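Each remark here refers to the structure printed beneath this line.
Numbering starts at 1 and runs along the sequence shown. It should be emphasised that the depicted structure is a prediction, and the values quoted were computed from it without experimental measurement.
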Amino acid sequence: MAKGQRLDKVLSNMGYGTRKEIKSIIKKGSVKVDERVVKDSSMHIDPYENHIEIDGVKLVYKEFIYIMMNKPQGVISATFDARVETVVDLLDPTYQIFEPFPVGRLDKDTEGLLILTNDGKLSHGLLSPKKHVPKTYYAHVEGKVDEKDQRIFKEGVVIDDGYKTLPAELNIIKSDEISEIELTIYEGKFHQVKRMFQSVGKKVIYLKRIAMGDLKLDEDLALGEYKELTEEDLGKLKNR
Ligand code: URA
């Protein structure tokens, strides 16, 4: 078993502690590799091939974790905050050990689809301004959203700092005192949806992200719930 990775490195990558802590767990005889207690933390293993147990619990090795969350209002899209609850705080410790972070941000009062991962490459690909990954939002907007707004958004709308957004698709579900809409944008400026409506004299009073790339929010997830992405889901995200 000379090839592969050091046992202590595999375990520390999976969040079981520092190398020093892991060395002591191994010394105590808590770790088995292929049914045999091991005492040498420098031994090389193949984490995908060898059967590893810690205190009798099988370790299922994976390097990356991909989570879809239905983000509730009131939590922030960050990994840690001393005062406010974060989306990572909502995760079970068995997921937190992978040190996931949110891919992009939703405002504190925005709900809906948020991806959490520890895969920096995927995150970068989804957030890169060059990739124009579509993001679709459902919103309640104060004021009658009409065809004129649709045309303006289709052209690109100049927001408060003078930036002209990329063309966006506005679908009007209900035009009334409080309108219901879906909007697809191809970039992710700070507060972009709210600022786009502000530019046409309207106010977003409820906002929920419902899709990113070809991946739709699983409507079976209640607010605050999450699930691991399937290979198929991942394909929909990476398919750009
Ligand atoms: N646009 C906004 O205004 N807020 C969000 O949270 C996401 C997009």
* Asked: Of all heavy-atom pairs between A78 and V87, which one has the smallest distance, and what is that distance?
  -> O-CG2, 3.7 Å
* **Non-hydrogen side-chain atoms of L215 and L229 separated by less than 4.5 Å** => yes
* Under 3.5 Å donor-acceptor, S199 side chain and V158 backbone -> yes
* S12 side-chain N/O to T18 backbone N/O, donor-acceptor pair under 3.5 Å -> no
* Hey, what's the ring geometry for Y138 with H140, parallel, tilted or perpendicular (30° and 60° as the breaks)? -> perpendicular
* **Steps toward salt bridge (Lys or Arg N to Asp or Glu O under 4.0 Å) verdict (D107, K194)** => CA-CA 10 Å; D107 298 337; K194 292 172 184 166; 2.8 Å; yes
* Counting only N and O atoms by type, is there a donor-acceptor contact under 3.5 Å from the side chain of K71 to the main-chain atoms of K108? -> yes
* **Note, K238 side chain near L122 side chain (heavy atom, < 4.5 Å)** => yes
* Asked: Counting N and O atoms only, with roles assigned by atom type, does the side chain of D34 sit under 3.5 Å from a partner on the main chain of H51, one being a donor and the other an acceptor?
  -> yes
* Asked: Under a 4.5 Å cut-off applied to non-hydrogen side-chain atoms, are L116 and P102 in contact?
  -> yes
* Check the pair F197 / F153 against ring pair (Phe, Tyr, Trp, His ring centres under 6.0 Å), numbers first and verdict last. => CA-CA 9 Å; F197 277 101; F153 281 18; 5.0 Å; yes
* N13 vs E63 side-chain heavy atoms within contact, under 4.5 Å -> no
* Asked: Can you tell me if K202 uses its side chain to pair, donor with acceptor, with the backbone of K144 under 3.5 Å?
  -> yes
* Going by distance alone, is a donor N or O of one side chain under 3.5 Å from an acceptor N or O of the other, for E169 and Y186? -> yes
* Do Y226 and D92 come close enough that some side-chain heavy atom pair is under 4.5 Å? -> yes
* Do M196 and L170 have side chains that get closer than 4.5 Å, going by heavy atoms? -> no
* Is the backbone N or O of F64 less than 3.5 Å from a side-chain atom of D119, with the two atoms forming a donor-acceptor pair by type? -> no
* Please confirm whether the backbone N or O of L106 pairs with a side-chain atom of S77, one donor and one acceptor, at under 3.5 Å? => yes
* To do: Give a yes or no answer on whether the side chain of N171 reaches the backbone of E182 with a donor-acceptor pair at less than 3.5 Å.
  => no
* Do you see a donor-acceptor pair shorter than 3.5 Å between the side chains of E21 and Y16? -> no
